[in-house]
Structure formats: structure tokens, C-alpha cells
A.B. asks: 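Provided herewith is a single structure, encoded as C-alpha cells, for subsequent inquiry.
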Amino acid sequence: MRDDTALPKKADDYARHVSPYFVIEDKQSKYKADKLFKRLRRKVGHAIGDYGMIEPDDKVMVCISGGKDSYAMLDLLLSLKRSAPFPFTLIPVHLDPGFPGTPEGVVEGHLQKVGLPYHIIKRPVFEISKEKLQGKKTMCSICSRMRRGFLYGFAREMGYNKVALGHHRDDILATYFLNLFYSGIMKTMPPILRTDDDTLTLIRPLAYCREKDLNVLCKLKEYPVLPKGLCGYGEDQQRAAMTAMLRKWDQEYPKRTDIIFKALKNVVPSHLLDQNLFDFSKISSGPKIK
């Protein structure tokens, strides 16, 4: 493994020992922890390669929410950066939305430990979301869109061309079923996406990673995760229902979610009903069906 001279010494030292292998004494536990980290690292590497998420000299803004997924994403990207065949820059950015009772300095303390240059930006997301609720029970959708807007604006302002979000495989599946059951649309979170104004590329390096693996890594690494529900309005019940459904399937039919995720990568437009994807009116003279 090469040394990335673009990394500050503190970040390079952190990246060298980023696997939980280095904080465990029991030999068997060390082996299992390192195997888990390498599996997640491999999945992130495959996702990046499959979708061309990171290219030479990219400036990647890594969005750190204070949850397990974004902490894991930063660790895995930093580990991959040290052995990447080309240079790119990672810039962790945490947006403080102003939720009441948020513990001070928790996220910043972790970012200082990692050793990369970072930014903490404060925006009135909570206050604006409250004003826009208009009788809704939760502010999740409003809050999410607003946070994204502030983060994208900051990325443009700072000249970053990629924005890394911490959504994992289970998030992608839950979003697919949300759209299917509640909107009548077959779509989900894509691994890579251009913004509407064509100024930024959004990437999801954890697209192939399962949440249960990230949960184990979080416990092993003892990430300083911010408490949930700080906004006081509760979680999106529809998304929670989809997540619960997927977990139940994992317990009762262990391979089902794997097969569904594989299906998202194997779409046959000629065997669906969308006329925008396939011209059925010319089926007798072509195009040929798959």
C-alpha cells in the first residue's frame, strides 16, 4: 500500500489503523472485525468502480450527519484513498441544523481525531422547517431537502465537484418500495446522480453495503453517534414501515432482499409497460425484445 502524500500526517496515521482490528485484543475477534471492514471496503470499492463515482483530482465533499453511516463512509473512503491509483481529495463537512439539545462538539471531536481538514456549517434548518410544516406530523422531507440544499450550495461555493452521501443498500431498497407503494413510480436512490443545474455529482459509496454490517462496524469503532429524534417530531412513518418490512424479510427469507437488489441492476424495459423506455408500437417490425 502506498503512502498518499496528499494526506496530512494525522489523517494518514488514522487511515493506517482505521480497521477495528487495531483496537481489539482477542485474536478471533480481531480476525472477524478485520474481515468485516475489508468486506465493506471491497463493496465500497466495487460501487465506486461500477458507477465511476470518483475520478482523478476530484474534490469530494463527504457529508457527515453524525450518524453511523456517514462516519463509516468517511473511514472507508479514507482507507481506499491511501491505496487508490490516482489522487483525489476528501473534505468532511457537517451541517448543524440547529436541533434543540444537540450535544456540542461531538461530531467535531471525531473529525479532529480523523485528521482531515473539515468544515462545520450552521444553518437554520430546524427553525425554517417548523415554519413550513403546515400541519404535517413530521418534518423529515422538508428537513432533508433543506439540508441538501444548504450542503449543495456550500459545495458549489467551495469549488467541490462531488458530494458523497451516506445512503446504504437498505436505504436504496426502502426508497424503491416507498415509491412503488405510495407514488406508483419504479425508481429509487441512484448510486450516482447529477444535480438539476448540472453543477454537482452526487455519489453514494455505501450503495452495496448492508445496514447490519454498518451497525456492527459502528459498535466496534465506537462512533460518537448523535441521538435520534432531536427535532422532537419523530421519524417518517412510511419509511420506517418499509425498513421494518425489509428487516422482517431478512429474518424470514434471508435471500429475498439480495434478489430484489439484484433486480434493480437487471431491468428489462421490453417486459414492463413504460412506453417511454420501449417503443411497443413498433414491436412487429422491431426493435427486438430482450
Side-chain angles (χ1 to χ4, degrees), residues 39-56 58 60 63 69 73 76 80 140-141 144-145 148 152 161-214 236-290:
R39 180 168 69 250
L40 287 168
R41 186 180 186 272
R42 184 171 61 252
K43 286 181 179 295
V44 171
H46 286 167
I48 290 172
D50 286 351
Y51 296 97
M53 293 185 189
I54 299 179
E55 300 169 300
D58 274 346
V60 184
C63 298
D69 306 323
M73 175 173 64
L76 292 160
L80 285 167
C140 295
S141 59
S144 176
R145 288 195 299 270
R148 297 268 186 90
Y152 299 169
N161 65 314
K162 298 280 176 72
V163 176
L165 305 172
H167 299 118
H168 47 67
R169 198 195 76 159
D170 297 66
D171 289 324
I172 291 173
L173 287 172
T175 302
Y176 170 73
F177 284 109
L178 271 173
N179 285 316
L180 187 66
F181 293 161
Y182 296 101
S183 301
I185 304 173
M186 292 186 68
K187 73 172 186 177
T188 188
M189 296 172 171
I192 185 167
L193 178 71
R194 288 292 286 180
T195 53
D196 292 339
D197 62 1
D198 201 33
T199 58
L200 294 171
T201 301
L202 314 181
I203 62 174
R204 295 183 168 96
L206 301 182
Y208 291 171
C209 298
R210 304 193 65 170
E211 185 177 24
K212 65 180 183 180
D213 287 339
L214 296 168
D236 184 320
Q237 293 303 307
Q238 290 180 344
R239 179 168 288 277
M242 297 301 100
T243 301
M245 178 185 74
L246 292 171
R247 287 175 179 168
K248 185 177 180 181
W249 283 351
D250 265 340
Q251 293 171 358
E252 297 179 356
Y253 314 100
K255 293 294 182 181
R256 177 175 287 183
T257 56
D258 292 336
I259 294 169
I260 296 170
F261 190 78
K262 181 180 179 181
L264 293 178
K265 300 174 66 178
N266 291 277
V267 178
V268 183
S270 63
H271 284 55
L272 295 173
L273 282 73
D274 192 332
Q275 298 174 59
N276 293 314
L277 291 180
F278 188 85
D279 191 352
F280 295 93
S281 65
K282 298 179 180 178
I283 197 71
S284 59
S285 58
K288 293 181 180 179
I289 63 171
K290 184 176 179 181

A.B. asks: For a quick test of reading the model, state the closest non-hydrogen atom pair linking Ile203 to Ile54 and the distance between them.
C.D. replies: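 Heavy atoms only, the tightest pair is CD1-CG1, 4.0 Å.
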
A.B. asks: What pairs with Asp196 under side-chain hydrogen bond (donor to acceptor under 3.5 Å, both in side chains), at least two apart in sequence or on another chain?
C.D. replies: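 Once residues adjacent in sequence are excluded, Asp196 has no partner under the side-chain hydrogen bond (donor to acceptor under 3.5 Å, both in side chains) criterion.
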
A.B. asks: Determine whether Met245 and Met242 make a side-chain contact, defined as any pair of heavy atoms from C-beta on separated by less than 4.5 Å.
C.D. replies: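 The answer is yes; the side chains approach within 4.5 Å.
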
A.B. asks: Going by the rule side-chain hydrogen bond (donor to acceptor under 3.5 Å, both in side chains), which residues pair with Lys162 if we only count those two or more places apart in sequence or in a different chain?
C.D. replies: Asp58

A.B. asks: Considering all heavy atoms of both residues, which atom of Ala174 and which atom of Leu246 are nearest to each other, and what is their separation?
C.D. replies: N-CD1, 3.6 Å

A.B. asks: Among all residues two or more places apart in sequence or in another chain, which pass the salt bridge (Lys or Arg N to Asp or Glu O under 4.0 Å) test with Asp258?
C.D. replies: Arg169, Arg210

A.B. asks: How far does CD1 of Ile172 sit from CZ of Arg204, to the nearest 0.5 angstrom?
C.D. replies: 7.0 Å

A.B. asks: Which atom names give the shortest non-hydrogen contact between His168 and Cys209, and what distance separates them?
C.D. replies: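 Closest heavy-atom pair between His168 and Cys209: CB-O, 3.3 Å.
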
A.B. asks: Test of understanding: with salt bridge (Lys or Arg N to Asp or Glu O under 4.0 Å), list the residues that count as partners of Arg194, not counting sequence neighbours.
C.D. replies: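 Partners of Arg194 under the salt bridge (Lys or Arg N to Asp or Glu O under 4.0 Å) test: Asp198.
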
A.B. asks: For Thr199, what residues pass the side chain to side chain contact (heavy atoms under 4.5 Å, CB included) criterion, not counting sequence neighbours?
C.D. replies: Arg156, Thr195, Asp197

A.B. asks: Under the salt bridge (Lys or Arg N to Asp or Glu O under 4.0 Å) rule, collect the residues that match up with Arg256, sequence neighbours excluded.
C.D. replies: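 Not a single residue meets the salt bridge (Lys or Arg N to Asp or Glu O under 4.0 Å) criterion with Arg256.
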
A.B. asks: Any side-chain heavy-atom pair from Asp274 and Pro269 closer than 4.5 angstrom?
C.D. replies: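 No; the side chains remain at least 4.5 Å from each other.
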
A.B. asks: I'd like to check the salt bridge (Lys or Arg N to Asp or Glu O under 4.0 Å) partners of Arg247; sequence neighbours left out, ordered by chain and number.
C.D. replies: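 Only Glu211 meet the salt bridge (Lys or Arg N to Asp or Glu O under 4.0 Å) criterion with Arg247.
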
A.B. asks: Is it the case that more than 12 heavy atoms not belonging to Gln275 sit under 6.0 Å from its CD atom?
C.D. replies: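 Counting neighbours around CD of Gln275, 12 or fewer heavy atoms of other residues, nucleotides or ligands fall under 6.0 Å, so no.
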
A.B. asks: Nearest 0.5 Å, what's the CG-NZ distance between Asp250 and Lys248?
C.D. replies: 13.0 Å

A.B. asks: Residues two or more places apart in sequence or in another chain: which of them pass ring-ring contact (aromatic ring centres under 6.0 Å, His included) with Phe181?
C.D. replies: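 Once residues adjacent in sequence are excluded, the partners of Phe181 under the ring-ring contact (aromatic ring centres under 6.0 Å, His included) criterion are Phe177.
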
A.B. asks: May I have all residue pairs that pass side-chain hydrogen bond (donor to acceptor under 3.5 Å, both in side chains) and include part of residues 173-191, sequence neighbours excluded?
C.D. replies: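 For residues 173-191: Thr175-Arg239.
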
A.B. asks: Among all residues two or more places apart in sequence or in another chain, which pass the ring-ring contact (aromatic ring centres under 6.0 Å, His included) test with Phe280?
C.D. replies: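 In terms of ring-ring contact (aromatic ring centres under 6.0 Å, His included), with neighbours along the sequence ignored, Phe280 is linked to Phe278.
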
A.B. asks: What pair of heavy atoms forms the shortest contact from Met73 to Cys63, and how long is it?
C.D. replies: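 Closest approach of Met73 to Cys63: CE-O, 3.7 Å.
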
A.B. asks: With side-chain contact (heavy atoms from CB on, under 4.5 Å) as the test, would you mind laying out the steps for Asn161 and Thr201 before giving the verdict?
C.D. replies: CA-CA 6 Å; Asn161 65 314; Thr201 301; over 6 Å; no

A.B. asks: Is atom CG of Leu273 surrounded by more than 12 heavy atoms (other residues, nucleotides or ligands) closer than 6.0 Å?
C.D. replies: no

A.B. asks: Are side-chain heavy atoms of Val163 and Arg148 found at a separation under 4.5 Å?
C.D. replies: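 Counting from C-beta outward, Val163 and Arg148 never come under 4.5 Å.
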
A.B. asks: Does any N or O in the side chain of Asp50 come within less than 3.5 Å of the main-chain N or O of Ala47, such that one atom is a donor and the other an acceptor?
C.D. replies: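 No, because the side chain of Asp50 does not come within donor-acceptor range (under 3.5 Å) of the backbone of Ala47.
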
A.B. asks: What are the two closest non-hydrogen atoms of Glu55 and Gly52, and how far apart are they?
C.D. replies: CG-O, 4.2 Å

A.B. asks: Do any side-chain atoms of residues 260-267 form donor-acceptor pairs under 3.5 angstrom with protein atoms, and if so which ones, sequence neighbours left out?
C.D. replies:
| unit_1 | atom_1 | unit_2 | atom_2 | d |
| --- | --- | --- | --- | --- |
| Lys265 | NZ | Tyr208 | OH | 3.0 |
| Asn266 | ND2 | Lys262 | O | 2.8 |

A.B. asks: Compare all side-chain heavy atoms of Thr243 with those of Asp170 and state whether any distance is below 4.5 angstrom.
C.D. replies: no

A.B. asks: Looking at Leu206 and Asp69, what are the two nearest heavy atoms and their distance?
C.D. replies: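 Answer, listing the atom of Leu206 first, then Asp69: CD1-O, 3.4 Å.
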
